[in-house]
Structure formats: C-alpha cells, structure tokens
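The next block holds one structure in the form of structure tokens; read it before the comments.
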There are 2 protein chains.
Amino acid sequence: MKEYIQNVYGIDEAVIFAYEVNKEILEETVNMAQSKTKPKAKSIKGRGAKNGIRNKLFDFKREQILEVSARLFYHRGFRATTLDVIAEELGVTKPFIYYHFENKRDILLHLLERTMGKSHDVFAGVDVESGTPAEILKDLVKRFTLVVIETRVSTAMFWRDEKDLPLDRKDKIREMKRDVDNKLTRVIERGIENGSFDVKDPKMASLCVAGMVTWTYTWYQADGRSTPDEIAERMTEYVLNMVGIRK
Amino acid sequence: MKEYIQNVYGIDEAVIFAYEVNKEILEETVNMAQSKTKPKAKSIKGRGAKNGIRNKLFDFKREQILEVSARLFYHRGFRATTLDVIAEELGVTKPFIYYHFENKRDILLHLLERTMGKSHDVFAGVDVESGTPAEILKDLVKRFTLVVIETRVSTAMFWRDEKDLPLDRKDKIREMKRDVDNKLTRVIERGIENGSFDVKDPKMASLCVAGMVTWTYTWYQADGRSTPDEIAERMTEYVLNMVGIRK
DNA sequence: ATTGAATTATACTTTATAGTATAATTCAAT
DNA sequence: ATTGAATTATACTATAAAGTATAATTCAAT
C-alpha cells in the first residue's frame, strides 16, 4: 500500500480500480470519503466530471489516511497517536495529512461519522410497534450485534476517546445510543404486556442487553472460532432467555 | 476541603479525625494511601510513632490528590487531565503533587492498585467447584456487580486509559479479568453437566455475562432509582434466566 | 516543451504540559 | 526565640507534538 502513496502521481487507473473493488470487502475503515472537506487548494472547480481521476485520487488518499489512523487510534488511543506516526506509517509527511484533513480531530470525526451513519441506518429500519415482540427483539439484537462487530474499531474509539470529541458530536452519538436503549425497552415492555416475556424492570433489562451486545467489541476476534453471524445468532438466544420468553 | 489543604499546617487533630471517620463512608477514591511512596525528603525516619500527625497529614494530602485526580481522570480522561488542573482544583501548585507522588502515572497506578486489590479479594473467596452451580453463579454475579459499581471510576479509567499503563499492570488486570471469565465459564459448564442450566457455548455465555455486568459502570448513577444491592439482585435474575436455569 | 495549478516535503513556529531548581515558608523541638 | 528539617510556591526548563510558511516537485493541458 505504502508504495501507492509515495510518489502518488505514479498511481494509475488500475490501482484505483483495485481499490474500488476492495472497497466493498474492507469492513469498516474504508468506505467513502466523499471529499466533503475541501482540499486546501483554493479552487475546487477542477474537481468535476472532467478530471475525475484527480478526485478519485484525492478520495483514495483520504481513505488511506483514515484506514491507517483508525488502526493506530484503535491500538494506541487517539491522543497517544501522533500525526507524525500516521504520516510515517503512510510513508509521507505531515503536510500530506493536513492537505487532506483540517486537523487531527477531523480525522477522528470522519471515522466516527461513518460508523454512526451505518448504525443509524441499521436501527432506523426497525419498527418496534409492529410484529411480535419476540421477532422484533430478535431482529434488533441481531442487527445490533452485527453492527457492533462490524464497527468495533470505531466503537472502541468512541467509548475510549469520547472526551476528545466536540460536544455536538458526543451528544449525537449519545442520542443514538439512547434510541437503541429506548427501542429495546419498548419491545420488552410490549412483550411483558402481551405475556410473551417474563422479566422485571424492562429499562434495566434493556441496558443489560445493550451492554452485553456492545461488550462484544472487547472480545470479538476476526480470526476466532465463530463468525459474526453465529455470534449474533447465539446472542439472540441469550437475550430471549434473559427476558424469560415463553417456550 | 480546599481550605484544609491550603495552608495545611493549620490542620488540627479534629480535621484528621473527621477524615478518619469519613474514610469508611467514601466509596472508592479515599481509602488508604499508606505512604508506600516515600516523600521526596531524604529522611523518612521522622515518620514514626512520635510524630504520627505528620504521617497522617502526609497520607491525608495524598488522599486528597487521589480523590481529585480520580474525579478528573474519570471525567476528562487521563491524558487530557493536566497536573496544573489537578493542582488548581486542590488549591495548590504542581510541586505539591510531585512532593506526594512520583509523577502523573504514579497517581493513576495508585488508583488502580487499590481497585484491583479490592476486586481480587472479592473473587478469591469464591470456590467454583463446590456448591450448586446456581448458587455459585448467583454469588459470583452479585459480588461482581457490586464490585463494578463500587469501583466504577477505576473501572472506567481502566477501560479507557489502559494504554497509559505500564505493561505489567495491564497484564495483571487482564489476568484478573480472565480469572473472572474462567470462573464464570466453569460454573456454567458445571450447571450444564448436572442439568440445572440449559445454554449453549458456556465460553461465550460467560463473556456476555461479564459484559453485561461490567457495562454497569456506564449507566449506574449513585442518585438513581435503584441501590447497588437492588441492581445486583436483579442482575442475578437476568443471568440465571440467560443460562436457562430449570425452574 | 512550457506553464500555471495542484500537491507534497523541508524545516520551521507555536503551544501545551510534564517535570524541576531554587527560594520562601512553616513546622516541631529545643 | 532559634534552628534545622519538612513542605510548598515561584518561576523556570525540557520536550513532545500540533500546526504552518515556504520552497520544491509533479501534474494536466496546451
């Protein structure tokens, strides 16, 4: 990878294409960095249909920065990771990074932004008021688990480096978490009402479910004996047991 | 409190006594700082039976530093908390801190050390091979939950600022965690063997239990509607349900 | 081949903060 | 009251790391 960045103008379409394909495989860190942050260069007109290659290159480099940063932030923590190390890892120097991102925090924000978007989409699609409580709960837990596993790097960063985020982002994230908790609570309440669940204190129960699922980020290993799907499936069993589902 | 530290030689026995009493109430941060770290002053002979007041004062000040540091580390994170802020909060200056602790990390270590000792004691007293699995599991979860709540500040710091710890401490803490996980796993296995539990994958189940319990540190509120005991009690219900206990 | 714009490196400034030398203060004991 | 030891503040140094001015390079298009 390094080589593709050093002397980056050597990049050709083939490399970009290879990246485009990879994109769909890479789990978390690489996705889309649709240059919402403009390059420092004054004119952005140049980035149109005509020279799309430039744009792709720009986005590609941002991806690389994000990918490396995610790995380092994850392993060392946000504050403990210096831009010089990120640059060194990429085989470039600091101004390269500052050309593609406003500052260090901007990188972190982009990483979390993307995770949040993904998470949001996953939960937005669940209506807790229709369907049987058991089905909905199962669906929620499964989706939740898969998202946590998929976004485990960002999840870890969030729980650790939350303090380094600006207030509005923090609130946004906390709001999403609350949303999940509320959905869980609501489903459990419905289950208790219609007699399909038997559990006390649905609020605390939902916090415990959320904890159990979120905790996965601390122990999941990509090379472990279980696949994400298997884990998610088992997780739903545990949760349904926990809420005392009628068998 | 501030006042007791500023112009500290104004302290009298009464204050120290008040502190001694308080000591047993304060949950986590204040306990014993038995000056294992010697003061920078060359001679430590002076700290004997004769002038016990000096020693008590010294320890008292260490307590204050630990207490304030814990609060700040907890709210802002270790790296983001500067010694100047700690000093300011105490109404003193930096050398005051350096006189009582070797350095910043030393403060963090003392905070965690104490938590770890406490946790260790709690789990050392549980024999997972005798007694019925249900009883043991219940006992484990209850103790575990209470410890997490009691040491939630340190627990949070550990999961967040782990990177800032020296390797040996990290290992020690992780070992303790593993110990708990193993104990949980063993009990669940025993329960499955003798037919009192009905759950798959005891290893993953124990990770989930540990996660559910540990997660408490993120949502427990001292002024919340439930007491630690109530929470611990409910937690055991959830867990026993989760492992499919025969009713 | 030449040129202006975009990109990146060199080498710098700035800032934040851990840590410390030294002087001033306060103590306990005579 | 005096004195040496313990304690703490003032004011500093050292250092790491974020961020940037400027020059050099490479690009795309003629």
Side-chain angles (χ1 to χ4, degrees), chain A residues 5-12 35 38-48 50-62 64-65 69 72 76-88 90-108 164, chain B residues 5-12 35 38-48 50-62 64-65 69 72 76-88 90-108 164:
Chain A
I5 291 248
Q6 270 173 332
N7 190 10
V8 73
Y9 284 114
I11 270 183
D12 60 14
S35 50
K38 300 164 192 169
K40 274 180 186 169
K42 292 85 198 165
S43 157
I44 201 179
K45 289 177 212 150
R47 302 187 173 284
K50 280 187 181 176
N51 55 357
I53 294 188
R54 274 257 169 119
N55 272 320
K56 281 184 183 173
L57 262 176
F58 187 80
D59 290 343
F60 175 72
K61 291 172 202 166
R62 281 167 65 98
Q64 300 308 111
I65 294 170
S69 300
L72 292 173
R76 311 184 181 199
F78 176 71
R79 279 186 118 88
T81 304
T82 72
L83 288 172
D84 281 321
V85 169
I86 296 175
E88 192 187 341
L90 284 162
V92 298
T93 57
K94 243 185 329 212
F96 177 95
I97 296 173
Y98 278 98
Y99 186 74
H100 292 86
F101 290 94
E102 280 185 29
N103 50 40
K104 192 180 173 185
R105 177 189 272 182
D106 190 33
I107 299 176
L108 182 61
D164 295 308
Chain B
I5 291 248
Q6 270 174 333
N7 190 11
V8 73
Y9 283 114
I11 268 182
D12 61 12
S35 49
K38 301 162 191 170
K40 274 181 186 171
K42 291 86 199 167
S43 157
I44 200 177
K45 290 177 211 150
R47 303 187 172 282
K50 281 186 179 174
N51 54 359
I53 294 187
R54 275 257 168 117
N55 272 320
K56 281 184 183 172
L57 264 177
F58 187 81
D59 289 343
F60 175 73
K61 291 172 202 165
R62 281 167 64 97
Q64 300 307 113
I65 295 170
S69 300
L72 291 173
R76 311 185 180 199
F78 177 71
R79 278 186 121 87
T81 304
T82 72
L83 289 172
D84 281 321
V85 169
I86 296 175
E88 191 187 340
L90 285 162
V92 297
T93 56
K94 239 182 333 206
F96 177 95
I97 296 173
Y98 278 98
Y99 186 73
H100 293 87
F101 290 94
E102 280 185 30
N103 49 41
K104 191 181 174 185
R105 177 188 273 184
D106 191 31
I107 300 176
L108 181 61
D164 295 309

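Every chain is numbered from 1, with letters handed out A, B, ... down the list of sequences.
The shortest distance between side-chain heavy atoms of B:F96 and B:F101 does not fall below 4.5 Å. Residues A:Q64 and A:L90 form a side-chain contact, since some pair of their non-hydrogen atoms from C-beta on lies under 4.5 Å apart.
The heavy-atom pair separating B:H100 from B:I65 by the smallest distance is CB-CD1, 3.7 Å. Taking both residues in full, the closest heavy atoms of A:N103 and A:D106 are given as OD1-N, 2.9 Å, listed atom of the first, atom of the second, then distance. The minimum heavy-atom distance between A:I97 and A:L83, with the atom names listed, is CD1-O, 3.6 Å.
A straight line from CG of A:L57 to P of C:dA5 spans 20 Å, rounded to a whole angstrom. As rounded to whole Å, 19 Å separates atom C1' of C:dA11 from atom CZ of A:F96. Put simply, CZ on B:F101 is 13 Å from P on D:dT8, counting in whole angstrom units. A:R62 has its CZ atom 15 Å from the C1' atom of C:dT7, to the nearest Å. In this structure, the CD1 atom of B:I97 is 10 Å from the P atom of D:dA9, given to the nearest Å.
For B:Y99, counting side-chain heavy atoms from C-beta on, the closest listed nucleotide (D:dT8, C:dA6, D:dA9) is D:dT8.
Listed by chain and number, the residues in a side-chain contact (heavy atoms from CB on, under 4.5 Å) with B:T82 are B:D84, B:V85 (sequence neighbours excluded).
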Any N/O pairs under 3.5 Å between the protein and nucleotides 16-19 of chain C? List them or say none.
| unit_1 | atom_1 | unit_2 | atom_2 | d |
| --- | --- | --- | --- | --- |
| C:dA18 | OP1 | B:K104 | NZ | 3.1 |
| C:dA18 | OP2 | B:L83 | N | 2.9 |
| C:dA18 | N7 | B:K94 | NZ | 3.3 |
| C:dG19 | OP2 | B:Y98 | OH | 3.0 |
| C:dG19 | OP2 | B:K104 | N | 3.4 |
| C:dG19 | O5' | B:Y98 | OH | 3.3 |
| C:dG19 | N7 | B:K94 | NZ | 3.2 |
| C:dG19 | O6 | B:K94 | NZ | 2.9 |

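At the phosphate of D:dT8, OP1 or OP2 sits under 4.0 Å from a side-chain N or O atom of B:H100.
Geometrically, B:K104 engages B:F78 in a cation-pi contact defined by less than 6.0 Å to the ring centre and at most 45° from the axis.
Where pairing requires Watson-Crick or G-U contacts shorter than 3.5 Å, the helical stems of DNA chain D with at least three consecutive pairs are C:1-30 with D:1-30.
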Next item on the list: Test side-chain contact (heavy atoms from CB on, under 4.5 Å) on B:R105 and B:D164 and set out the steps.
Entry: CA-CA 8 Å; B:R105 177 188 273 184; B:D164 295 309; 5.8 Å; no

